[in-house]
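One structure is given here, and the rest of the page talks about it.
Each chain gets a letter, A, B and so on, in the order its sequence line appears, and its residues count up from 1.
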Amino acid sequence: MKNYDIARILHEIAIYEGMKGEKFKPRAYEKAALYIGSLNDDLGTIYKNGGVKALMELPGIGRNIAEKLVELIQTGELAYYEELKKEIPVDITILSSIEGMGPKKVKVLYEKLGITNIEELEKSIREKRVRDLQGFGEKSEKKILNGIEFFKKSHGGRFILGLVLNTFEDILHQLKSLDTVKNVQLAGSARRMKQSIGDADFLAASYKPDKVMDFFTSMPEVAHIHTKGTTKSTVRLKSGINCDLRIVPEESFGAALQYFTGSKQHNVVLRTMALHKGYKLNEYGLYDKRNRQIAGRTEESIYLKLGLPLIPPELREDKGEIEAARDGRLPKLVGYDDLKGDLQIHTDWTDGNNAIIEMAQAAKKAGLEYIAITDHSRTLEIARGLNKEKLKEQEKEIKKVNDTMKHNEGITILSGVEVNILKDGSLDLDNNILKEFDIVGAAVHSYFSLSKEEQTKRLVSAMYNTNIDILFHPTCRVIQKRQPLDVDFDKILDVSKETNTILEVDSSPERLDLQDEYIQHAVENKCKLIIDSDAHDKSHFHFLKFGISQARRGWAEKKDVINTLPLEKFLKSLK
DNA sequence: GCCGTTTTCGGCCCGACTGTTTTCAGTCG
């Protein structure tokens, strides 16, 4: 049983406990579910190695939940959960994920109308049977119906940040231009630069919130107004994304920004810290015993009064950053302006849209000093992969462009290739060809579901090749589409270090591969990283921002990312 | 059900909005 399945069961138990009216059990189960869902190491393995004791050492897991975990790991089932399900046999995850539906409403609907799933719920509403229930009315029927429609369209939808961020920047821009708005910023998971987000949280400072709310709810991109108040409104955009706008007075802006940036877990810890110091922390500020605001205008002031330095948003996940901040151990994260090179770029020689020179000019504009052209090798037919004759020809072209660019525009173009790793770990270009390139990246593009042993052996074998400098998009995951390769990642890290093979952070918004958690493991193991755009178009260099943010979320420092080095030093650090 | 710089017992983050109420429960973040 995978962590994911265990997390789902704990999540469902949390909802069941909520139905029973339990106040704190839901939170305990939910916390455990969240932790296990985000855990990289296999829970079964942890149990095998350390027994029940090891499970109980995990945060949020005590004797009771640990014993349930053991039952799940050993038998794949949990009697307690089965009992709950028998008592109220409903499609609980889906029903409670509908906007406006929580444990209590799901329970009433089952007990009074026998509703167990989304179809039955929709039918009952259409028959106007829900409005007569205690606590429901015509408006709640409409609201739930709306939620069902949204659910069907977005199937529980999260949006890939890199594909929607510019929409938010537009809205931000519009809000900024209002003279009733003093300050405005994007908060929430978008500010923490999570790979995907459920909604967008805007925060503004204003003394005329009514006017700002009127504007916000009547923007042309708004499809539906969920709620509208003087400090908080929620709308759904035509693209299906929900957006919140919160408005606070200027002296509370920092506190509100801190609070609405989250994460929830990070905030719970901060609030508890405040309590221990005799303070109260809410979105309006940090208050002492006499209810006087002692911080809140800036985010930094809040952290400072709690005895902490400002923690970068990308780290705020309650994954050790608060302890690190307290002990002065916060990493000096790689910065958004630190990259000097980009070592995975495609051109119209294969599946890219632009010529070599166009890509070089765009890279220069993006502030880079060197790039590598790395088109696909021959077996990748879908991308019109290059054979050795074509590659020779391209190399000549690169030299030609490079000679003019280097002197006239101050950017160096390296010759490279994205060589395909075949099923058995061999490469589709000979070593005597590979050794001619300035830089070689190897990547998997097929056979994604080999056994863990085979897949690990395949990657390791490529990394032992002395011509391979970089492992491109190492896990091959595509967000919401393809799971990461099943590999022994610890082994990959060991071999990366042993062979000096660099691990790539591919910045393409749908890839972000390596992803944050894997990056953190790589950093802990002192492996070298590189952040590339994987640009297929001259407009793609802004992808780098998303790769950098992923690296920051993985606690990577400048020294861990070798394309922050100037060209000469960078070249010397290769195999 | 979890947890410990007040605590092995008794706390557990806290405020906004909505809809159905007639002062509040449920939901959300």
Problem set entry | N/O (side chain, A:N282) to phosphate O (OP1/OP2, B:dG15) under 4.0 Å | yes
Seminar exercise, completed: Winner on side-chain proximity to A:S140, out of B:dC13, B:dT20, B:dG1, is B:dT20
Problem set entry | Atom C1', compared across B:dT23 and B:dC17: separation rounded to whole Å | 16 Å
For this session: Would you give the length of the straight line joining atom CG of A:L161 to atom NZ of A:K194, rounded to the nearest 0.5 angstrom?
Result: 11.0 Å
Seminar exercise, completed: Here the gap from A:R553 atom CZ to A:L315 atom CG, rounded to the nearest 0.5 Å, amounts to 8.5 Å
Exercise. Hey, are A:N267 and A:Q258 close enough side-chain-wise for a donor-acceptor pair under 3.5 Å?
Worked result: yes
Exercise. When you compare B:dC14 with B:dT8, how far apart are their C1' atoms, in angstrom units rounded to a whole number?
Worked result: 27 Å
For this session: Would you kindly give the NZ-to-P distance between A:K31 and B:dC2, to the nearest whole Å?
Result: 10 Å
Problem set entry | Separation of the C1' atoms in B:dT5 and B:dG1, to the nearest angstrom | 23 Å
Exercise. Just how far, in rounded Å, is P of B:dT6 from NZ of A:K277?
Worked result: 10 Å
For this session: May I ask which nucleotide in the shown strands pairs with B:dC17, Watson-Crick or G-U wobble, both distances under 3.5 Å?
Result: B:dG26
Seminar exercise, completed: Across all chains, not counting sequence neighbours, the side chain to side chain contact (heavy atoms under 4.5 Å, CB included) partners of A:D327 are A:R329
Name every donor-acceptor pair, under 3.5 Å, that has one atom in a side chain of residues 7-16 of chain A and the other anywhere in the protein, sequence neighbours excluded.
{"from": "A:H11", "atom 1": "ND1", "to": "A:E30", "atom 2": "OE1", "distance (Å)": "3.0"}
{"from": "A:H11", "atom 1": "ND1", "to": "A:E30", "atom 2": "OE2", "distance (Å)": "3.2"}
{"from": "A:E12", "atom 1": "OE1", "to": "A:Y81", "atom 2": "OH", "distance (Å)": "2.6"}
{"from": "A:E12", "atom 1": "OE2", "to": "A:T93", "atom 2": "OG1", "distance (Å)": "2.4"}
{"from": "A:Y16", "atom 1": "OH", "to": "A:I88", "atom 2": "O", "distance (Å)": "2.9"}

Pairs under 3.5 angstrom, nitrogen or oxygen only, protein versus nucleotides 8-11 of chain B, please.
none

Exercise. Is the charged tip of A:K68 near the ring of A:Y80: under 6.0 Å from the six-membered ring centre and within 45° of its axis?
Worked result: yes
Pull out every protein N or O sitting under 3.5 Å from an N or O of nucleotides 16-18 of chain B, one pair per line with the distance.
{"from": "B:dA16", "atom 1": "OP1", "to": "A:Y284", "atom 2": "OH", "distance (Å)": "3.1"}
{"from": "B:dA16", "atom 1": "O3'", "to": "A:T231", "atom 2": "OG1", "distance (Å)": "2.9"}
{"from": "B:dC17", "atom 1": "OP1", "to": "A:T230", "atom 2": "N", "distance (Å)": "3.3"}
{"from": "B:dC17", "atom 1": "OP1", "to": "A:T231", "atom 2": "N", "distance (Å)": "3.0"}
{"from": "B:dC17", "atom 1": "OP1", "to": "A:T231", "atom 2": "OG1", "distance (Å)": "3.0"}
{"from": "B:dC17", "atom 1": "OP1", "to": "A:K232", "atom 2": "N", "distance (Å)": "3.1"}
{"from": "B:dT18", "atom 1": "OP1", "to": "A:K228", "atom 2": "N", "distance (Å)": "2.8"}
{"from": "B:dT18", "atom 1": "OP1", "to": "A:K228", "atom 2": "O", "distance (Å)": "3.2"}

For this session: Would you say whether A:F136 stacks on B:dT20? The test is a distance between ring centres of less than 5.5 Å and an angle between planes of less than 30°.
Result: no
Problem set entry | Stretch residues 103-127 of chain A: residues that reach within less than 4.0 Å of DNA chain B through a heavy atom | A:P103, A:K104, A:K105
Exercise. When you compare B:dT20 with B:dC28, how far apart are their P atoms, in angstrom units rounded to a whole number?
Worked result: 16 Å
For this session: Evaluate the side-chain proximity of A:M193 to A:P313: yes if any heavy-atom separation is below 4.5 Å, no if none is.
Result: no
Problem set entry | Distance in angstrom units between A:K280 NZ and B:dC12 P, rounded | 13 Å
Exercise. Considering only the P atoms, how many Å lie between B:dA16 and B:dT21, rounded to the nearest integer?
Worked result: 24 Å
Exercise. If you measure from the C1' atom in B:dG15 to the same atom in B:dC9, how many Å do you get, rounded?
Worked result: 29 Å
For this session: Say whether, by atom type as modelled, one donor and one acceptor occur between the side chain of A:S206 and the main chain of A:T180 under 3.5 angstrom.
Result: yes
Problem set entry | d(CD, A:Q134; P, B:dT22) in whole Å | 8 Å
Exercise. When the distance from CG of A:L275 to C1' of B:dT7 is rounded to whole Å, what number comes out?
Worked result: 14 Å
Problem set entry | Listed once per pair and sorted, the salt bridge (Lys or Arg N to Asp or Glu O under 4.0 Å) pairs that draw on residues 173-193 of chain A, sequence neighbours left out | A:R191-A:E299, A:R192-A:E317
Exercise. Is there a side-chain contact between A:I241 and A:T167 (heavy atoms, below 4.5 Å)?
Worked result: no
Exercise. Between A:D288 (side chain) and A:R292 (backbone), is there a donor-acceptor pair under 3.5 Å?
Worked result: yes
Exercise. For A:Y35 and B:dC3, what is the distance between atoms OH and P respectively, to the nearest whole Å?
Worked result: 11 Å
Exercise. So, does A:S263 use its side chain to make a donor-acceptor pair with the main chain of A:H266 at under 3.5 Å?
Worked result: yes
Seminar exercise, completed: Picking from B:dC12, B:dT6, B:dC14, the nucleotide nearest the side-chain atoms of A:R27 would be B:dC12
Exercise. Can you list the residues that meet the side chain to side chain contact (heavy atoms under 4.5 Å, CB included) rule with A:E120, with sequence neighbours excluded?
Worked result: A:I115, A:T116, A:N117
Problem set entry | Pairwise P distance for B:dC2 and B:dC13, with rounding to whole Å | 15 Å
Exercise. Going by number, which of residues 290-318 of chain A have a non-hydrogen atom under 4.0 Å from DNA chain B?
Worked result: none
Problem set entry | Value in whole Å for how far the P atom of B:dG19 lies from CD1 of A:I144 | 11 Å
Seminar exercise, completed: So the salt bridge (Lys or Arg N to Asp or Glu O under 4.0 Å) pairs with at least one residue in residues 70-89 of chain A (sequence neighbours excluded) are none
For this session: Pull out every residue in residues 256-268 of chain A that has a heavy atom closer than 4.0 Å to any atom of DNA chain B, ordered by number, or say none.
Result: A:Y259, A:K264, A:V268
For this session: Kindly state each residue pair satisfying salt bridge (Lys or Arg N to Asp or Glu O under 4.0 Å) with at least one member in residues 204-226 of chain A, sequence neighbours excluded.
Result: A:D214-A:K228
Seminar exercise, completed: Exactly one candidate in A:L133, A:L121, A:D132 meets side chain to side chain contact (heavy atoms under 4.5 Å, CB included) with A:L113; the answer is A:L133
Problem set entry | Distance in angstrom units between A:M273 CE and B:dG4 C1', rounded | 15 Å
For this session: Name every residue in residues 68-87 of chain A that has at least one heavy atom under 4.0 Å from any atom of DNA chain B, in order of residue number, or write none if there are no such residues.
Result: A:K68
